[in-house]
Each structure stands twice: as C-alpha cells, then as structure tokens.
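Scroll down for the structure; my scribbles are underneath it.
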Amino acid sequence: MVEDHLKGLNSAQLEAATHTEGPLLIVAGAGAGKTKTITHRIVNLIKQGIAPDKILAATFTNKAAKEMREKIRFAIAQFKSLGSCDGDGQRKFLAENFRAFEMGYCEPFVSTFHSLGVYIIKENSRLVGVTKHFTILDENDSISLVKESIKELNLDPKQYEPKKIKGIISREKGKFTHLSDYAENEVSYLGKIVAQVWDIYEKKKSKENSLDFDDLLLKAVKLLKENENIRKIYQERWQYIHIDEYQDTNEVQYLMSKLLAGDKKNICVVGDADQNIYSWRGANLKNILNFEKDYPNTKIIILEENYRSTKNILEAANEIIKKNVYRPDKNLFTKNKTGEKISLYEALDENDEADFVAVKILEILDGETNVASVGSLSGLASPALPLDSSACETPHQSKFIPPSEIAILYRANFQSRVLEEAMLRYNIPYQVLGTKFFERKEIKDTLAYLRAALNPESLSDIKRIINFPGRGIGKTTIAKIFAGERNTLPIKMQIKINNFYELLEELKEKINTSKVSEVIKFTVKKTGIETELSSGTEEDLEKLENIKELATLALKYDNLENGAGIEKLLEDASLASDQDGIMLAENKKQTTNAVRLMTVHASKGLEFKYVFITGLEDGLFPNNHNGETKSGEDREEERRLFYVALTRAKEKLFLSFANFRTIFGSRQINTPSEFISDIPRDLLEKEGEDPGIKTIYI
DNA sequence: CCCACTGCTTTTTTT
DNA sequence: AAGCAGTGGG
C-alpha cells in the first residue's frame, strides 16, 4: 500500500524513499529527481514516527538547504497530522525563512556543511578555543591574513602569491592534514615556506578570535573526533543523516558524515559522480565511489530516468560524458519527447555572440522560437524591438515563457559583462548571479563595525573601519595601536582613537538593546557612513541604496532576541553565496522574473526551459588556464562541467562560440571547443548565416 | 596623513 | 580596459 505522500515516485525512487535503517547510496543522474527522493525519504521517516528533529540533512549551498527545507515543510503540511508542530507557526516560519531549531520548532535540521560546523562550534566554543562571538573570515579576509603572514616572514608577497599559498593551505586543511605533519613531511622548498606561513596564519586567527571557512568544518570534526562525549551527543541528536551532493565532499566533510553517522550508520547519501565539478576544491570522488566499502550492507539505488530534458538534449549529454574514462557506467534515459535540435551559432566575436543571444531571447519571449532561422544577423542595428516589459505578455498568451525560464551560462565570470550589456541594449530583464551582495565594500564596512563591536579582537575588521569614514588615523598609527604602543602617540591622536573605541562601545550597547534593523540604521548614521556617502557621486548613492537594502534585509532578524539577531545576520552574511544573493538581496525590481546569467558552476542543481551555453572556445571552455598542460583528470572535470551545463536545459539548448574574443584588452583568435564536435552532428543545427562567409570577411 | 599618479596584474570555478 | 597596490610629493 503506497501512502499518499509517496505517490508520484517511480519504483526506484519509491524504494529509496521507503528505505529506513542502515546505509543507503542513491546514485542519481541529472534530472532524475534526486532532491525529490531525498525529501520524500525524510517525510517518510517522519511518517514512520521518527521525531523530525532526529533527522539531519547536509547540503553544500544555502539555496539547496532552503529548497529542501521548504519541500519538506510542504510535504508535511499535506498530511498535517504532525502533532507537536502547529500549522500556523510553520507557515509564519516559512515566510520568515528561519531554521527550525532556533525557534524551538520541531523540524528536521537541514543546513549546509558550513552552517552545521558553526552550529557545533558555537555549542562548544570554549573547547574550540574561540569565544561565542568569533568572526568568520571570508575568502578575501583569509587571503589578506595570509599576506600579512608572508610579510611577517620577510618574504615578498609578489613572489609568494598569497592567493596561491592560501590555496595550498586550504587544500591541506581540507584533507585533514595536521600542520605539524605537513611541516615534517614536506620536503620541497615551497612546502617549507607554506608550513611557516600556515603556522603564523593560524596564530593570527586565534589571536583575532576568527575562523576561516575550512576551520568551520575542521574544528567541528576535530571536536567530534577527539571527544567521545560530544560525539555521542550529536550522534544521539541526529539519528538519521542525509548528505546531498556526496560526490562533492572533501575529506573533512566525509569524516564529519562518518562521525555523525556513528554505529547506527543510518546514513543516506545522494550523488552523481558525473557532476563532480569541485575537485579543485578538494572534492574527492573516492568518497562516493567507495561508499559501499565504507559502509558494508549498503543499499544502492540508481536513478536513471531523467524527467527534465528532451531526448535530444539528453542524448547529447550522454555522448559527452561517455568520453570520460574515470566514471561508473550508467546511462540516463527519458520518456520525454524528442524535442528540437540543439542550435549552434558561430559568432564573429563576443559582441556578436551577445547580440545573437539577446535576439534569440526576444524571439523566445515573443513566442516565435520555432522559426527555423534568424536570417542575417549583421543588420542588427535595428533590432527586433525594444520590449517594454509588457511585450512578453502580449501576443501569444499560450506560449508565454517567463524570462526566468531562460539561462545564459558561461565558463568564467568575466564573460558576463558583454552579455549583460546586450541584455541592457535589448531591454531584456536580466539578473547576473555572481555579484555577491555581502562582498560589496559598503556592506562589508557596515558589518565590520558590528563585528568589531562584538569582537574587539578582530583586527581585520578594525583595520577596515578605523579610518573609514576618514578620522585621520593612518597606517603608521594603526600599526602602533596593534603593537600596544597607543600611549606613545601624540595626545591629539589618542583622543581620536579613544573616540573610535567609544563608538564601538556605543554600537555594542545598541546591539544589546535594539532590534537588528534599528541597529543597522543607527550604525550607518553614527559612524558617519551615511554622511560620507550621501554627499558623493552617483556611485556613492548606489552604495547607500545597498546599505538600505541591508537594513530591509535585517528586518527578517528583528524577531530574534536583541544581540542574537545581529549574530545570526553576521553569520548568514559570512556564509552567503552568490546564489543566495537572489533570496537575500531580492531588490524589488522584479528581478525574480528575469533572465539568469551565471557561471556553469553556479547553475548546478538548477533547470531552465531554455539554456544558452556561450563561449565554447578552445581554452575557455574547456578551460586551459594560462596554457598549463592539463592532466587527464582536469580535462575530465571540464567535460563534467559541460555535462552539467547541457543537462540544465529542459526544452532547448543554444550553443555558441566566438572566433574572436577580447581578453585583457587584446583581441584573440579562437578555435571552437572540442565539445562541439563531440556532439553527434545530427543533433545539431546551425543558426545564423553561413559561417564561411563571416570567417572570410574578418 | 592624504592624495594623485603610475605601472602592473587581472579572469576559472566557491562555501 | 580597468582596477588596484604601491610610491612619492604636498
């Protein structure tokens, strides 16, 4: 007897969803209903009488976590027999977008690995060696700290690139390598240097009471590993563990799952080796490939039916991924229609490419995509016509395609610029993912005041704001303050410094007595940021707008206790990714219904009716970073990346490449990507005029 | 300490 | 092409 909430699952999905005890590996191809299956499994567990708060699900992005949380809520609401959770509360909750545990609701704990780390660390901060108000360093913060460490060793940061060194350290930490082991075993010259930098870097962080992204996982794992009592507590707390995108886990995340799963081994992982696109960040395919060895008696379920794409799209994707050697054999199939062929456009240069994309999008929005050819694109000066937003709703109601069903993908962020300009020119509503709201200077500055108020040890924050807005406190002075030589400074300077620290005190006071949104407004005024920006240029005014946006966003935290709200806001800000930008910074300008521009990496997990994959040129995609010879494995990763891109599309794919592209201000000639010729000819269809002519004309 | 100028790097992907 | 860090003059 299949219960209501399990209807709509195919047999493999059903089998996975109803499996309860013991290890479970779900190998799910693209578009095979991975999230659906995992959510239903969770709902089923609850239905079986497992307390919701005994269930944990870890994801990689906030977005994925949010999505899963909402799906679970939705499914639960459907059989609203959940005794201890009251319906109204949940609905309110959903609207306010907060995690269950914080407010005492009983819901599964769905979070990113990093938030999970923060959660565990905060509950045991003393043992970790930080205070409750520790600062989370973002990538840039970490890099500058590494840079300082390099300088401290009297080494030239130009010779030893901080970014590179940070990368090495990060990689090692992700492998759970202990610094002392690294220092001992590393014989290379660079390795020795890295070990020294690493050492100083760690010391700086602990002095500043801060943790980097790697620490958030690492410290939590150490805690679990080295302390049996604590381990038991969490194993008891979460008896059913789910890991999303298991193919992307690194060693530390792998250990975390393992330690949490404990002896019960009620662990369910979902993943797809073909979609491993983060190995450069330490993601280790072995984790998923060896799962059954790690957990004897693993139940393995393979989801091979794709519900997303047309046959043509899927065939192209299958053909592409087949060329990879290092992968488990599997073949996705679909019962969907054959669909249209894949369009291929050869552009003269990146501008031409962008124009092509824009014109096509206009056609799609007008419901005229089925027209076989666009004809000449050279006369584009008078484009099809400027849509005001109403145009897309007018003539063909039946074919109405919301702009948000269209995505433009590219390999590297810099490519977005030309495309963005084209969207602007043709008046197409668009949204670029990748500009991280919380990484904007003005936002970081504002938040730095709050962080510094809560954690006065945070030198990086203080450095950032002590002279912004200008207070006449310069570099040398700052150095003296940090060296503890404050009282050797001229009295006038000392007064300035005291005023600054008093300001921080005031902020702290405000934090503890007011709502979050109030605190933000207060901060902007009191610190002088507002005055500084309101008298300035257009750019400054935009910055001010962004800060207002921050204040609006802060409203969401107002119902938390004074102090706790700010803390949560700061945590979310540190852990937010560009994807979450959509949900957090959602500016009212109907951005939600807009064409999405993003990197292929950012598109993972998403789907769109129409997908444009641009810049398919040798060296760009597949990417061949500064001509270094790529190993076979790197090349396979690029291929997987292309596979991810292809499988985002539901109905129609457009591929394009440009013969010329301007990079670093110089115009380069490119050959088409090998990926194009890897797609069977009969699935492709040329767009635009005869490419031969164009190529000769150049 | 601040500002302006210069010249040098940047653009792979991210929690 | 542009943005940034580092330098030097005020």
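Naming convention: chains lettered A, B, ... in sequence-line order (proteins, then strands); numbering from 1 in each chain.
- For dT14(B), one of the phosphate oxygens OP1 or OP2 lies less than 4.0 angstrom from a side-chain nitrogen or oxygen of Thr599(A).
- Asn351(A) and Arg661(A) share no donor-acceptor pair across their side chains, judged by distance under 3.5 Å alone.
- When the C1' atom is compared between dT13(B) and dA2(C), the two are found 22 Å apart, to the nearest whole Å.
- Within the 4.0 Å cut-off from OP1 or OP2 of dG3(C), not a single side-chain nitrogen or oxygen of Lys441(A) is found.
- For the residue pair Asn287(A) / Thr249(A), a side-chain donor-acceptor distance below 3.5 Å is found, with atom types taken as modelled.
- Straight-line distance from the NE2 atom of His601(A) to the C1' atom of dT13(B): 4 Å, rounded to whole Å.
- Distances shorter than 4.0 Å separate some side-chain N or O of Asn467(A) from OP1 or OP2 on dC2(B).
- Rounded to an integer number of Å, the gap from CZ of Arg640(A) to P of dT12(B) is 19 Å.
- A straight line from CG of Asn623(A) to C1' of dT11(B) spans 9 Å, rounded to a whole angstrom.
- When each of Tyr278(A) and Lys158(A) is assigned the nucleotide of DNA chain B bearing its nearest heavy atom, the one mapping closer to the 5' terminus is Lys158(A).
- A cation-pi geometry, defined here as NZ or CZ lying under 6.0 Å from the six-membered ring centre and within 45° of its normal, holds between Lys122(A) and Phe134(A).
- Between the side chains of Tyr254(A) and Lys258(A), at least one donor-acceptor pair of N or O atoms lies under 3.5 Å.
- Each of Pro157(A) and Gly665(A) was assigned the nucleotide of DNA chain C with the nearest heavy atom; the assignment lying further toward the 5' end belongs to Gly665(A).
- Arg417(A) has its CZ atom 7 Å from the C1' atom of dA1(C), to the nearest Å.
- Thr476(A) has a side-chain polar atom (N or O) that falls below the 4.0 Å cut-off from OP1 or OP2 of dC1(B).
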